[in-house]
Amino acid sequence: MKQRLSKASCRLLCSLLLLSGGCTLKELNDDAPTTIADHVEVVFNWTNTPTKEAQTMVLYLYSSEHEMMDYRFNNPDGGVIRTYGGKHTAVCHSNDDPYGHHLRNQHSHEEIEIFTDDSSMMVGQGISTRGIPRAKGTEDEPLRNTPSMIYGIQDREVNLKVSALPQKLELYPEELICRYSVEFVDVENLKSADLHIDATISSLAGGYFPGKMKQTSEAVSHTFTLTADLERNALKSEFLTFGTPDGGEVPHKICLYIVMKNRTGAFYTFDVTDQVNKAPDPNNVSIKLHGLKLPEIPDDPLPPQGEGGVSIELDSWDTYHYDLKV
């Protein structure tokens, strides 16, 4: 009787700890109680990141002997879980943007992948991505939204004891996402364009494998928006990416889609391969271009016709290819 009461009390204590830690409880197979690690404190240690900005975390435990177990924490610090004992591969990542980020192949720590949605419209000028001109050689790349920041880590050497006693699993998340900045300086006739200009950058990684801590090999083009600074005659944008695709260096091109004030469209392409592939820090890439010249538009352009967003047809884009100085 005492043994039964002791086991029941232990399970009740574990349940209370799970609830207080903000973790989603995963059901285990209690037909084999000798395989259970009853009280595992998961700790996310943020010493490897500049700031602890994550709000929620997901943990996956992979074992050759049991099914994959996943646990969700509504805080960045962790909590207490109940899982199988034995050897595991642990994979964790932040989960702050479940609508913008998608997961697939969670069944395998080698194949679990984070990726973003296809981009159907560029937000700066409301241009549909359907039928827009593309840089030569990138026409078949998917157009994808840029990611937001994701933190994560993997550990292939997790060994949990079969025990009802407390034990700790400590993980050290890192930034999995790269920071990119693009700046055009000394832009001529910038006042002839909209203050928000849409753009794409080609041949970046389409996703990330948190279980392997590297980018996918899929090449995609990301959409982003530049903001005009009329006083400095400059265009500037900062955004996040998964980085360059795994498997070697590839060319990268930036395309600008500029709707002029007279409702014509100007399409520009720029080769930025060296600035991306030879960046001193591939996690923080800065692209700077000089000498962009826009068409000069009169101060009294054609009045707007109709209502709603901008509608630019493919054959109305005036195309310019630039080899600008860095």
Side-chain angles (χ1 to χ4, degrees), residues 119 121-127 129 132-138 141 143 145-146 178-204 221-241 243-244 249-302 304 309-310 312 314 316-326:
S119 178
M121 180 172 289
M122 294 187 282
V123 299
Q125 299 159 119
I127 302 171
T129 59
I132 60 172
R134 307 283 295 275
K136 185 178 180 179
T138 71
E141 288 186 359
L143 278 170
N145 296 326
T146 56
C178 303
R179 292 178 169 87
Y180 275 49
S181 67
V182 176
E183 184 176 17
F184 289 83
V185 298
D186 301 326
V187 181
E188 293 187 39
N189 301 321
L190 185 56
K191 65 179 181 178
S192 298
D194 193 276
L195 293 180
H196 301 284
I197 293 174
D198 292 303
T200 62
I201 181 169
S202 72
S203 305
L204 295 181
S221 292
H222 279 309
T223 59
F224 64 97
T225 301
L226 295 129
T227 300
D229 184 337
L230 296 180
E231 292 185 0
R232 296 177 56 244
N233 293 318
L235 293 168
K236 182 70 180 290
S237 181
E238 295 180 352
F239 53 94
L240 302 176
T241 78
T244 55
E249 295 184 352
V250 294
H252 305 279
K253 297 178 181 179
I254 284 179
C255 299
L256 296 187
Y257 303 87
I258 304 178
V259 178
M260 309 305 293
K261 290 184 177 179
N262 64 352
R263 288 186 169 269
T264 60
F267 170 61
Y268 296 80
T269 63
F270 314 90
D271 192 321
V272 295
T273 301
D274 285 348
Q275 294 197 59
V276 174
N277 292 341
K278 297 180 181 179
D281 180 359
N283 294 322
N284 293 277
V285 176
S286 177
I287 299 170
K288 196 168 186 178
L289 298 166
H290 299 255
L292 172 61
K293 184 176 181 179
L294 303 181
E296 185 173 1
I297 305 298
D299 292 334
D300 54 345
L302 296 175
V310 174
I312 298 294
L314 179 62
S316 68
W317 291 99
D318 295 323
T319 302
Y320 306 85
H321 299 284
Y322 269 77
D323 182 15
L324 298 186
K325 297 180 182 178
V326 177

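Basis for what follows: all heavy atoms, side chains included, without hydrogens, waters or symmetry-related copies. Treat the numbers as computed from the prediction; the structure is a model and nothing was measured.
Distance CG/Asp281 to CG/Asn283: 5.0 Å, rounded to 0.5 Å. Here the OG1-CD1 distance, from Thr241 to Ile201, works out to 7.5 Å after rounding to the nearest 0.5 Å. Taken from CD in Glu238 to OG in Ser286, the straight-line distance is 9.0 Å, to the nearest 0.5 Å.
Taking the side chain as every heavy atom from C-beta outward, Leu240 and Thr146 never approach each other to under 4.5 Å. Lys253 is not listed as a side-chain neighbour of Arg134, based on a closest heavy-atom distance of 4.5 Å or more. Two residues are said to be in side-chain contact when any heavy atoms from C-beta on lie closer than 4.5 Å; Cys255 and Phe267 meet this criterion. Under the 4.5 Å side-chain criterion, counting only non-hydrogen atoms from C-beta, Asn233 is not in contact with Phe184. Contact check for Pro133 versus Tyr257: side-chain heavy atoms found under the 4.5 Å cut-off.
The shortest heavy-atom contact between Cys178 and Gly243 is SG-CA, 3.7 Å. Considering every non-hydrogen atom in both Leu190 and Ala234, the closest pair reads CD2-O, 3.5 Å. The minimum heavy-atom distance linking Ala193 with Leu294 is given by the pair CB-CD1, 3.9 Å. Contact between His196 and Gln125 at its shortest, heavy atoms only, is O-CG, 3.0 Å. Summarising the geometry of Lys236 relative to Ser181, their closest heavy-atom pair is CE-CB, 4.2 Å, with the distance given to 0.1 Å.
Counting only N and O atoms by type, the side chains of His222 and Asn145 include no donor and acceptor under 3.5 Å apart. Residues Asn189 and Glu296 have side chains that never bring a donor and an acceptor to within less than 3.5 angstrom of each other. For the residue pair Ser221 / Glu141, a side-chain donor-acceptor distance below 3.5 Å is found, with atom types taken as modelled.
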Check the pair Leu204 / Thr244 against side chain to side chain contact (heavy atoms under 4.5 Å, CB included), numbers first and verdict last. CA-CA 5 Å; Leu204 295 181; Thr244 55; 4.2 Å; yes

Determine whether Val182 and Ile254 satisfy the following criterion, side chain to side chain contact (heavy atoms under 4.5 Å, CB included), listing intermediate values before the conclusion. CA-CA 9 Å; Val182 176; Ile254 284 179; 3.9 Å; yes

Any chance you could lay out the side chain to side chain contact (heavy atoms under 4.5 Å, CB included) test for Thr225 and Phe239, step after step, and finish with the verdict? CA-CA 9 Å; Thr225 301; Phe239 53 94; over 6 Å; no

For the pair Leu195 and Leu230, evaluate side chain to side chain contact (heavy atoms under 4.5 Å, CB included) and give the outcome as yes or no after the intermediate values. CA-CA 8 Å; Leu195 293 180; Leu230 296 180; 3.9 Å; yes

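Not one N or O on the side chain of Thr269 forms a donor-acceptor pair closer than 3.5 Å with the backbone of Ala135. Looking at Asp198, its side chain does come within 3.5 Å of a backbone N or O of Gly124 through a donor-acceptor pair. His252 places a side-chain N or O within donor-acceptor distance of the main-chain N or O of Ser202, the cut-off being under 3.5 Å. Checked by atom type and distance alone, the side chain of Asn277 pairs as donor or acceptor with a backbone atom of Val250 at under 3.5 Å. Put simply, the side chain of Glu183 never gets that close to the backbone of Ile287: no donor and acceptor are under 3.5 Å apart.
A side-chain contact (heavy atoms from CB on, under 4.5 Å) with Met122 is found for one member of Leu143, Ile132, Ile197 and no other, namely Ile132.
Side-chain rings of Tyr180 and Phe224 stay apart, their centers remaining 6.0 Å or farther from each other.
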